[in-house]
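This report refers to the structure that appears directly beneath it.
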Amino acid sequence: MTRPPNCVRRPPRRYRRPNSCFMAAENIFAEILDRVRRASDALVTAGDLPAGIDQSRVTVEPPRDPTHGDMATNAAMVLAKDAGKKPRELAAAIAAKLGADPLVDKVEVAGPGFINLTLKPVAWLDALRTAVRRGGRYGESDIGRNAPVNVEYVSANPTGPMHIGHCRGAVFGDALANLLAFTGFEVAREYYVNDAGAQVDVLARSAFLRYREALGQEIGDIPEGLYPGDYLKPVGVALAAQYGDTLCGQPEPLWLPVVRAKAVAMMMALIREDLAALGIDHEVFFSERSLHEPRNGGPSRIAETIAFLESKGLLYRGTLPPPKGKVMEDWEPRELLLFRATEFGDDVDRPVLKSDGSPAYITPDIAYHRDKFERGFANMIDVLGADHAGYVKRLNAAVQAVSDGKATLDVKVCQLVRFLREGQPAKMSKRAGELVTVRQVVDEVGSDAVRFMMLFRKNDAVLDFDLAKVIEQSRDNPVFYVQYGHARGKSVFRNARTVFPDLPEEIASLTDVADLGQLTDAAELGLVRRIALYPRVVESASLAHEPHRIAFYLFDLASDFHALWTLGNATPHLRFIIQDDRQRTVARLVLVQGVVAVLASGLALLGVGAPDEMR
RNA sequence: GCGCCCGUAGCUCAGCUGGAUAGAGCGCUGCCCUCCGAAGGCAGAGGUCAGGGGUUCGAAUCCCUUCGGGCGCGCCA
């Protein structure tokens, strides 16, 4: 019998961190932070700071105002209280140590006790060299320390093709998973298949009609309450081919499981095609139904979970107060088996069993998250749609309960997307009974545009998606603007080869011979600094579970690059290719290669293509 | 009624988990190509970070509160 395969494991498709050691200077900000800490440690040794002082709040950041130097640290201000010293006094002491650092050109104490650092140019040029050498792996890190993380996303009901409401969460979850893998987490991409609820029974009845239709029977209009979509016709045809008319004479309890399994399997195939169109491919499809079924002749996962909660004293029989703010005609108090969710911060205790004894809606979810925990995931991320925002507290309560507080769950709620065309609500053709689908949108504007735009906003803010704007070729369209940056870089290399035909195939291989000291213009060095920022952005985006930071960073990087390019219009000596100066050209090609590498790396994290030329 | 999210330039939004004089795009104003690098770039104007309290060296960011807007609320799924 066909059924969505449970826990089918395949090797992660997109990214796996190879075994390797990382260069210390991969992230120049982390490197400098390390040196600041060592300076503070030296003061501890000298007795100027108390032993064991907490340095966890010390940060190194690029200052907003470039006149404040390359980096600023708050070390003195953060440590001052514990040290019993004045911030500026302490700052002077730390600054004195840092001034001796070979990477540091200049140190200043400013404002309330900031220590502003200006690095030697060689420090930045080293960062560029690193970026070019590392290529697509630049920004990779091991901050995750191989900790397993389970990212559950999409989880659309298997009752039809994906509609656009699922699009944002799908792209978000996928990009977040990429990001976590890139930063050293052991990531599982998981899809929770709701193949057990009442809605899949409705699906089965709808498919059964199509089955009779395929057998040549007159079925008339699809009754209210069933799924009318044409996408169920192939299910009817397949059933007819497989079973002939043998299901017709059977009572519903006999044919329903058969039809349901077939329909769910075919709907999942449909959804996986839709996901594939967006470049999404989960490693695990977890069947809700499997949680209801006995395991090896023993109790089901759900029964086990209820017993577990019982043993922890987290269940009791009681009645809930009536829901407020809503007229409930048929509400009456009933005694139910309740889960003490309020002990974990939820607003009310939640029923585990309905009055008829069957599991309530959250119960399989509790069992599911318990299963994740027992599979070794102490870190879980659930990506949900806006309509599930009210569900966050009870999921957190469930995870706390089933893991004895040992697991963390971060629920990322993706807000609504408003589809527009030229600023007006988009009218999209809907065939009878079908919602607007993901496929329609991808077919119209392409996967790259959909993915980038879904990530060009914080997940918790509503998003306007203008179908006309995203295919414009202008700065107003960030997808184009960033991809164009990559293509433009590649075109520099093509042009450079016509001037210097002996240039190597791989521009990156010039890194060792290039004299990067040739990069002296403020605009060039600004671009180098932006490139050096990338590992820091990746790290913070990963830890915050906010892939949109990558998208905004790429936009800024492309912006810097386009600006430098255009500068060459008015000032020819700043052009990347200088006919009679091979050495300078080579240095600049390495710079452009840095831009190209970071754009390609960042776009790959977002799952967006990096074209060699725009068409 | 309760919970969650949002409120930053005329518009659409960033703001690096508390840092210095709050940024970008669009729009507006003024510039930069007689195709060889303008699908672009530069400059300017534009702000009580919704209002009010608090926490501390320091708040758009954290806490409380008021006002606006969105989503949700069930033994449904």
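The chains referred to below are lettered A, B, ... by the order of the sequence lines, with proteins before strands, and numbering in each begins at 1.
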[X] [atom1] - [N] [atom2] separation (whole Å):
X: A/Leu79; N: B/rC57; atom1: CG; atom2: P; answer: 14 Å
X: A/Leu455; N: B/rA14; atom1: CG; atom2: C1'; answer: 15 Å
X: A/Leu463; N: B/rU12; atom1: CG; atom2: C1'; answer: 11 Å

Base-pairing mate for [N] - Watson-Crick or G-U, with both contacts under 3.5 Å:
N: B/rC2; value: B/rG72
N: B/rG18; value: none
N: B/rG30; value: B/rC42
N: B/rG25; value: B/rC11

[X], nearest nucleotide to its side chain (from [options]):
X: A/Phe552; options: B/rA20, B/rG19, B/rC13; result: B/rC13
X: A/Arg457; options: B/rG19, B/rU12, B/rG15; result: B/rU12
X: A/Pro351; options: B/rA20, B/rC75, B/rG40; result: B/rC75
X: A/Met77; options: B/rC16, B/rA39, B/rG19; result: B/rG19
X: A/Ala198; options: B/rC75, B/rC57, B/rA77; result: B/rA77
X: A/Arg394; options: B/rU17, B/rA14, B/rG74; result: B/rG74
X: A/Asp387; options: B/rA14, B/rG72, B/rG40; result: B/rG72
X: A/Thr566; options: B/rC75, B/rA39, B/rG40; result: B/rG40
X: A/Tyr391; options: B/rA77, B/rG74, B/rG15; result: B/rA77
X: A/Arg549; options: B/rA77, B/rG15, B/rA20; result: B/rG15

Measure the shortest side-chain to side-chain distance between [X] and [Y] over non-hydrogen atoms and say whether it is less than 4.5 angstrom.
X: A/Leu315; Y: A/Phe339; value: yes
X: A/Tyr553; Y: A/Arg549; value: no
X: A/Leu533; Y: A/Leu557; value: no

Within the structure shown, what part of the strands sits under 4.0 Å from [X] by heavy-atom distance: base, sugar-phosphate, or nothing?
X: A/Asn116; answer: base
X: A/Tyr481; answer: sugar-phosphate
X: A/Ala544; answer: base

Checklist entry - Taking the six-membered ring for Trp, are A/Tyr484 and A/Phe480 parallel (under 30°), tilted (30 to 60°) or perpendicular (over 60°)? => result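 Ring orientation of A/Tyr484 relative to A/Phe480: parallel.
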
Checklist entry - Would A/Tyr361 pass as stacked on B/rA77, i.e. its ring centre under 5.5 Å from the base's six-membered ring centre and planes under 30° apart? => result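 A/Tyr361 vs B/rA77: stacking yes.
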
Checklist entry - B/rA39 base stacked by A/Tyr484? Criteria: ring centres under 5.5 Å, plane angle under 30°. => result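 No, aromatic ring not over the base.
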
Pairwise [atom1] distance for [N] and [M], with rounding to whole Å:
N: B/rC13; M: B/rU8; atom1: P; result: 9 Å
N: B/rA24; M: B/rA43; atom1: P; result: 9 Å
N: B/rG53; M: B/rU12; atom1: C1'; result: 32 Å
N: B/rC63; M: B/rG46; atom1: P; result: 34 Å
N: B/rC33; M: B/rC42; atom1: P; result: 16 Å
N: B/rG7; M: B/rG15; atom1: P; result: 10 Å
N: B/rC67; M: B/rC28; atom1: P; result: 39 Å

Could you tell me whether [X] and [Y] have a side-chain N and a carboxylate O separated by less than 4.0 Å?
X: A/Asp464; Y: A/Arg418; answer: yes
X: A/Lys393; Y: A/Asp346; answer: no
X: A/Asp581; Y: A/Arg584; answer: yes

Checklist entry - Is A/Arg418 near enough to B/rG70 that one of its side-chain N or O atoms lies under 4.0 angstrom from OP1 or OP2? => result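 Looking at the OP1 and OP2 atoms of B/rG70, neither is under 4.0 Å from any side-chain N or O of A/Arg418.
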
Checklist entry - Starting at the 5' end of RNA chain B, which residue's closest nucleotide do you reach first, A/Pro333 or A/Pro112? => result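 It is A/Pro112 whose nearest nucleotide is closer to the 5' end.
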
Item to check | Upstream residue (5' side of RNA chain B) when A/His562 and A/His545 are each assigned their closest nucleotide | outcome: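 Nearest-nucleotide comparison on RNA chain B picks A/His545.
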
Item to check | Protein-to-nucleotide contact annotation, 5' to 3' order, nucleotides 21-28 of chain B [B base; S sugar-phosphate only; - none; under 4.0 Å, heavy atom] | outcome: B--SSS--

Next on the checklist: Can you say whether a donor on the side chain of A/Asn477 sits under 3.5 Å from an acceptor on the base of B/rA39, or the other way round?
Outcome noted: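 Looking at the base of B/rA39, it does not pair with any donor or acceptor on the side chain of A/Asn477 (distance under 3.5 Å).
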
Checklist entry - Any donor and acceptor pair, going by atom type alone, linking the side chain of A/Thr363 with main-chain N or O of A/Val352 inside 3.5 Å? => result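 Side chain of A/Thr363 to backbone of A/Val352: a pair is present.
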
Checklist entry - Taking everything shown except A/Glu335 itself, do over 12 heavy atoms lie less than 6.0 Å from its CD? => result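 Yes, enclosed.
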
Next on the checklist: Assess, by modelled atom type and distance only, whether the side chains of A/Arg334 and A/Thr319 contain a donor and an acceptor separated by less than 3.5 Å.
Outcome noted: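 Short answer, no.
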
Next on the checklist: Could you tell me if A/Asn194 and A/Glu288 have a donor-acceptor pair between their side chains, going purely by distance under 3.5 Å?
Outcome noted: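 Present: a donor and an acceptor within the cut-off.
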
Set out, line by line, the N/O atom pairs under 3.5 Å between protein and nucleotides 3-11 of chain B.
from	atom 1	to	atom 2	distance (Å)
B/rG3	O3'	A/Lys393	NZ	3.1
B/rC5	O2'	A/Asp460	O	2.9

Checklist entry - Going through the distances and angles, do A/Phe286 and A/Tyr191 end up as a ring pair (Phe, Tyr, Trp, His ring centres under 6.0 Å)? => result CA-CA 6 Å; A/Phe286 192 99; A/Tyr191 186 122; over 10 Å; no

Item to check | Base orientation of B/rC33, syn vs anti, 90° cut from 0 | outcome: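 Syn for B/rC33; the angle stays within 90° of 0.
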
